[in-house]
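Beneath this line is the structure, given in structure tokens, with notes to follow.
Nothing fancy with the numbering, it's 1 onward along the sequence.
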Amino acid sequence: MTVVKSTLPDPARQVVGTALQGTLVDLLGLSLIGKQVHWNIVGPRFRSIHFQLDEVVATARSYSDTVAERAAALGIPPDGRPETIAATCAHQSPKEGWVQDTEVVGLLIESLDTTIGQLRERINATDEADRVTQDLLISLTAELEKHRWMFQAEDWPRD
């Protein structure tokens, strides 16, 4: 049963639905990783990275809502259930317990790289299907690349 009818033709709706659902999972996964290490970070750079993680989580949560609402507006029911995130998220999970500040920085760079790489593929995929969604994905990519830059600068020079 279709409750919300899409303004997109069905083939475009399928492409956009896949892109938005994948992005939703990536963002929810990123926010969970960010909070997990936020609570468990230790080391001399604890305070600065602790606050930096809040910024990443805020971006991920804000955009996850925007992405999910874009999907819903197009008649694509978003799926942010825990079991969906656990089964389909491509991010590496942080280790259990305390996490050294250097490990946190490396994990966030890796997680942001994964998300940004996926987003760039989705930007290309939505080029003809729906430029409104593509624009959303482009804006999100710019924000995540800014966070990545800041974590990468935090990690220099790498031993």
*asked:* For residues Y63 and L32: do they belong to one hydrophobic cluster (side chain heavy atoms under 4.5 Å, members Ile, Leu, Val, Met, Phe, Trp, Tyr)?
replied: yes

Of all heavy-atom pairs linking Q36 and P94, the shortest is CG-CG, 3.8 Å

For R131, is there an ion pair with D127 - N to carboxylate O distance below 4.0 angstrom?
yes

For P44 and Q100, the nearest pair of non-hydrogen atoms, with its separation, is CD-NE2, 3.9 Å

Residues 104-118, side-chain donor-acceptor partners within the protein, below 3.5 Å, at least two apart:
unit_1: S111; atom_1: OG; unit_2: L107; atom_2: O; d: 3.0
unit_1: D113; atom_1: OD1; unit_2: R148; atom_2: NE; d: 2.2
unit_1: D113; atom_1: OD1; unit_2: R148; atom_2: NH2; d: 3.3
unit_1: T114; atom_1: OG1; unit_2: E110; atom_2: O; d: 3.0
unit_1: T115; atom_1: OG1; unit_2: H91; atom_2: NE2; d: 3.1
unit_1: T115; atom_1: OG1; unit_2: S111; atom_2: O; d: 3.0

Smallest heavy-atom separation, G43 atom then D101 atom, equals C-OD2, 3.5 Å

### Query
In terms of hydrophobic clustering (I, L, V, M, F, W, Y; side-chain heavy atoms under 4.5 Å; direct or indirect links), are L74 and I138 co-clustered?
yes

task = Assess whether atom CD of E83 is packed by more than 12 heavy atoms of other residues, nucleotides or ligands within 6.0 Å.
result = yes

(Q) As a quick check of understanding, evaluate side chain to side chain contact (heavy atoms under 4.5 Å, CB included) for T141 and R120, giving each step before the final call. (A) CA-CA 8 Å; T141 301; R120 290 198 168 277; 4.2 Å; yes

The residue among V25, L28, T23, L140 that forms side chain to side chain contact (heavy atoms under 4.5 Å, CB included) with S64 is L28

Item to check | Donor-acceptor under 3.5 Å (Q134 side chain, I123 main chain) | outcome: yes

Per side chain to side chain donor-acceptor pair (under 3.5 Å), T59 is matched among K146, E143, H147 by H147

To the nearest 0.5 Å, atom CG of D135 lies from atom OG1 of T126 at 9.5 Å

Scanning both residues in full, the closest heavy-atom pair of A129 with A12 reads O-CB, 3.5 Å

dist L24:CG -> T66:OG1 (nearest 0.5 Å) comes out at 11.0 Å

Residues pairing under salt bridge (Lys or Arg N to Asp or Glu O under 4.0 Å) where one sits in residues 59-70, two or more places apart or in two chains, turn out to be R70-D130

What one should report as the nearest heavy-atom pair of R13 and S6 is CD-CB, 3.5 Å

Expected output: side-chain H38 to main-chain H50 donor-acceptor under 3.5 Å: yes

Closest non-hydrogen atoms of A60 and L30, given as atom of the first, atom of the second and distance, are CB-CD2, 4.3 Å

For residues 17-38, the salt bridge (Lys or Arg N to Asp or Glu O under 4.0 Å) pairs (sequence neighbours left out) are D26-R122, K35-D54

Is there a path of hydrophobic side-chain contacts, each under 4.5 Å between heavy atoms, that joins F46 and V99?
yes

Rounded to the nearest 0.5 Å, the CZ atom of F151 sits from the CD1 atom of I49 at a distance of 7.0 Å

